[in-house]
Each structure stands twice: as structure tokens, then as C-alpha cells.
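What follows is a single structure, written as C-alpha cells, with notes after it.
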Amino acid sequence: MSLGTWKGQGVLVDFVVLPAHAVAEVPRGVRDGPAAAGLLGVAGQTSAVLVQAAQLRKEQRPLVNGASGGVGYVLTQVLAGLGVHITAICSGKNEDLVRRLGADEYLASTVLDSDDGKQFDAIFDLVGDRQLYTHSPSYLDLGGKYLDIEAGPFGRFKLDNWLPVFLGGTPRAFTPVFSYPSGKSATEAATWVEKGWIKEMVTDSVYSMEEAYEKLATGRATGKIFVNVSLRRPFRINS
Ligand SMILES: NC(=O)c1ccc[n+]([C@@H]2O[C@H](COP(=O)([O-])OP(=O)(O)OC[C@H]3O[C@@H](n4cnc5c(N)ncnc54)[C@H](OP(=O)(O)O)[C@@H]3O)[C@@H](O)[C@H]2O)c1
Ligand SMILES: *[C@@H]1O[C@H](CO)[C@@H](O)[C@H](O)[C@H]1NC(C)=O
């Protein structure tokens, strides 16, 4: 991570200079550099901030929307390690995967209502589905947190996020969660590996930069997208 990330420009490089407080030791049992980056980087660190914010107790029931993605595949395994009862949402092709990662229940759709009889203690929305939020009073406990990572650091201040809350349309706490590069969060993610909670490193694929961004933009990655900056795709002029 660099200043570029903070300015919203992102950065993909072979080498980067980091302050000591932003790094963690790679735990034993992580095979290679890409696996370490995939687990302890953005995915692990965001998962760490999410579980910290949710404060779930054993047996409680979270819903994870987007459980098969870059953040979801880590978060689901961590929640399983914490011993909570997980309901996962993703597309059907990934049902087996999210069950293997620890989901107790699977839903194919985010369209839920009170007739489904579902009740959750927390919702982790890794997709940013406003409908899932606005309908949440029928399935999220009154004190339950709606944790969203898609809205970004200023999500709380976006009109369409806080207005429904204040107008009483959605009387549930909308909690935007944002992770910043932190050695503390990365170290926490390393402890999950040591505890044996991370059973699977899910790799979407290894791409050139261009292909990686194209895949990312589909919003349908399964696990982590890896970029090999040495890979070059032939330059193409769009007509
Ligand atoms: N706040 C932060 O600090 C932070 C950190 C990391 C990422 N983010 C943001 O969080 C979001 C998720 O990141 P990511 O890396 O996990 O993304 P990703 O790897 O692209 O994963 C997206 C996941 O969402 C699922 N999905 C896509 N559309 C869906 C829909 N309509 N309903 C239900 N599930 C759907 C996909 O699963 P299927 O294909 O199986 O449906 C996939 O598992 C992105 O917007 C990213 O920018 C924020
Ligand atoms: C990246 O691609 C280059 C060129 O194909 C290859 O030599 C290198 O081993 C790859 N690196 C990783 C980490 O996969």
C-alpha cells in the first residue's frame, strides 16, 4: 500500500516500502508469497476489522453476503473458527465452496422477507446491496449491526445510507467498515492460520494487470485475484 491507495489511485508493484507498523510476519503453514498476500493483505485485514466490529458470541447467527469473494472466502472461514452459525449468500456455482469454507446454510438470493423466518444477529454485506439493507428490519435483530464494506470510508455520510436511518425507513444501524493497512490486523489474520481456521486459500486466477482489472470489474471473482506484474497482455486499441 502506498499514498496512491489513500488517494484512491491504487498501486500494483513488485516492491513497496512500508512503515514497520504496517507489516506482519508470515505464519508457518503459508506456502508462498502470493498466498501470504491473499490471506494477510486486504482480505484478511478487512475480515479482522469486520469481526472486531461485529463482536459476535458463539452460536450467534451472522449472514454473509458475497461469501465466495476475495474478502468473503477469508471472513467465512474465520466466522466458522469463531463457532457462529453462518448463512452465506453467493451464486449457485459457489454453494459447495462456501459450505466447505464453513457456511451452515446457503441462500441463493438476497431477497429475503419476514415470511422466510430468518433472523440474524449481524449482516456482513460484502457486495453493497442496498435492498438487503432497506429490507433488513424483517430479518436483522433490532440491536444487530449491518456491516458494509462497499460504501467506503465516508459511507456513513452518503445521503442514501443515512437518510433511510434518520427517516425511520430502516431502523437498523448501518455500519460502514473500512480497513487501512495495519500490521495489527495482518498479525490477527496470521493467528487464524496458526489456529488452523484457514483451511483453504481460494485463488480466482493469476492475471496480467489488465485482465485482473477486467475480472475485478465483473464483481464475480471467486476468492482472490492475483496480479503478476511481469505478465503482459498484448496492447489493444479499443475501436
Ligand atoms: N472497506 C474496505 O476496507 C474494503 C476492503 C476490501 C474490499 N472492499 C470492497 O468490498 C467489495 C467486495 O470486495 P471483494 O474483494 O470481496 O470482491 P470480489 O472478490 O469481487 O467478490 C465479490 C463477491 O460478491 C458476490 N456477488 C457479486 N454480486 C452479487 C450479488 N448481486 N449478490 C450476492 N453476491 C454477489 C460474488 O459471488 P458470486 O459470483 O458467487 O455470486 C463474489 O463472491 C468491493 O466493493 C470492494 O471494493 C472494501
Ligand atoms: C510471473 O510471471 C513470470 C513470467 O511468466 C514468471 O516467470 C514468474 O514466475 C511469475 N511469478 C509468480 C509469482 O507467479
Side-chain angles (χ1 to χ4, degrees), residues 1 5-6 8 10 12-15 31-53 63-78 87-101 103 106-112 123-133 135 146-156 158 161 174-182 185-186 189 201-209 211-233:
M1 294 275 178
T5 314
W6 292 103
L12 294 175
V13 290
D14 274 320
F15 300 98
R31 273 171 295 115
D32 50 24
L39 287 169
L40 311 182
V42 174
Q45 295 188 31
T46 305
S47 298
V49 179
L50 281 167
V51 295
Q52 176 67 32
L63 173 69
V64 182
N65 187 29
S68 57
V71 175
Y73 94 92
V74 178
L75 179 67
T76 305
Q77 297 182 79
V78 174
T87 301
I89 302 178
C90 64
S91 47
K93 67 178 190 324
N94 289 322
E95 175 178 353
D96 288 348
L97 170 71
V98 295
R99 286 192 186 275
R100 211 162 63 226
L101 298 177
Y106 165 78
L107 295 174
S109 161
T110 60
V111 183
L112 300 167
I123 295 178
F124 296 96
D125 187 358
L126 314 179
V127 178
D129 183 340
R130 290 294 167 272
Q131 291 241 52
L132 185 66
Y133 174 61
H135 291 249
Y146 191 97
L147 302 140
D148 175 293
I149 62 165
E150 194 268 343
F154 305 110
R156 195 188 293 279
K158 283 186 190 157
N161 289 335
F174 184 91
T175 313
V177 170
F178 193 71
S179 72
Y180 54 92
S182 143
S185 300
M201 167 77 225
V202 184
T203 303
D204 183 88
S205 201
V206 180
Y207 296 105
S208 67
M209 281 199 199
E211 292 163 322
Y213 277 110
E214 279 169 9
K215 181 67 196 230
L216 189 66
T218 66
R220 293 287 179 188
T222 300
K224 286 309 288 180
I225 293 172
F226 286 95
V227 180
N228 181 336
V229 296
S230 306
L231 295 177
R232 292 275 179 271
R233 191 177 65 180

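Starting from 1, each residue takes its place in the sequence as its number. Indexing begins at 1, ligand by ligand and atom by atom, following the structure's order.
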Report task. Could you tell me the residue and atom name of the protein heavy atom closest to atom 12 (C) of ligand 1, and the distance to it rounded to 0.1 Å? Result -> Leu126 O, 3.0 Å
Report task. Could you tell me whether Asp204 and Arg220 make a salt bridge, using a distance below 4.0 angstrom between a side-chain N and a carboxylate O? Result -> no
Query raised in the report: Relative to ligand 1, is Thr46 under 4.0 angstrom through side chain, backbone, both or neither, heavy atoms considered?
Result: side chain
Query raised in the report: Looking only at distance, does Leu216 have an N or O less than 3.5 Å from an N or O of ligand 1?
Result: no
Report summary line: So the atoms of ligand 1 within less than 4.0 Å of a heavy atom of Phe178 turn out to be 1 (N), 2 (C), 3 (O)
Query - Protein non-hydrogen atom below 4.0 angstrom of atom 48 (C) of ligand 1 present - result: yes
Report task. Give the numbers and elements of all ligand 1 atoms closer than 4.0 Å to a heavy atom of Ser91. Result -> 38 (P), 39 (O), 40 (O), 41 (O)
Query raised in the report: Out of Gly219, Cys90, Gly69, whose heavy atom sits nearest atom 36 (C) of ligand 1?
Result: Gly219
Query raised in the report: What residue and atom, counting heavy atoms only, is the protein's closest point to atom 31 (N) of ligand 1, and at what distance?
Result: Arg220 NH2, 4.0 Å
Query raised in the report: Going by the angle between their ring planes, with limits at 30° and 60°, are Tyr146 and Tyr133 parallel, tilted or perpendicular?
Result: perpendicular
**Report entry** Heavy-atom proximity to atom 35 (C) of ligand 1, best of Ile225, Val177, Leu97, Val127
**Finding:** Val127
Report task. Identify, by atom number and element, the atoms of ligand 1 in contact range of Glu150, meaning under 4.0 Å from any of its heavy atoms. Result -> 45 (O)
Query raised in the report: Heavy atoms of the protein only: does one fall short of 4.0 Å from atom 38 (P) of ligand 1?
Result: yes
Check each N or O atom of ligand 2 against all protein N or O atoms and list the pairs under 3.5 Å, with atom names and distances to 0.1 Å, one per line.
from	atom 1	to	atom 2	distance (Å)
ligand 2	2 (O)	Asn228	OD1	3.4
ligand 2	2 (O)	Asn228	ND2	2.3
ligand 2	11 (N)	Asn228	ND2	2.9

**Report entry** Ligand-side contact atoms (ligand 1) for residue partner Val42, heavy atom cut-off under 4.0 Å
**Finding:** 5 (C), 6 (C)
Query raised in the report: Side chain, backbone, both or neither: which part of Lys93 has a heavy atom under 4.0 Å from ligand 1?
Result: side chain
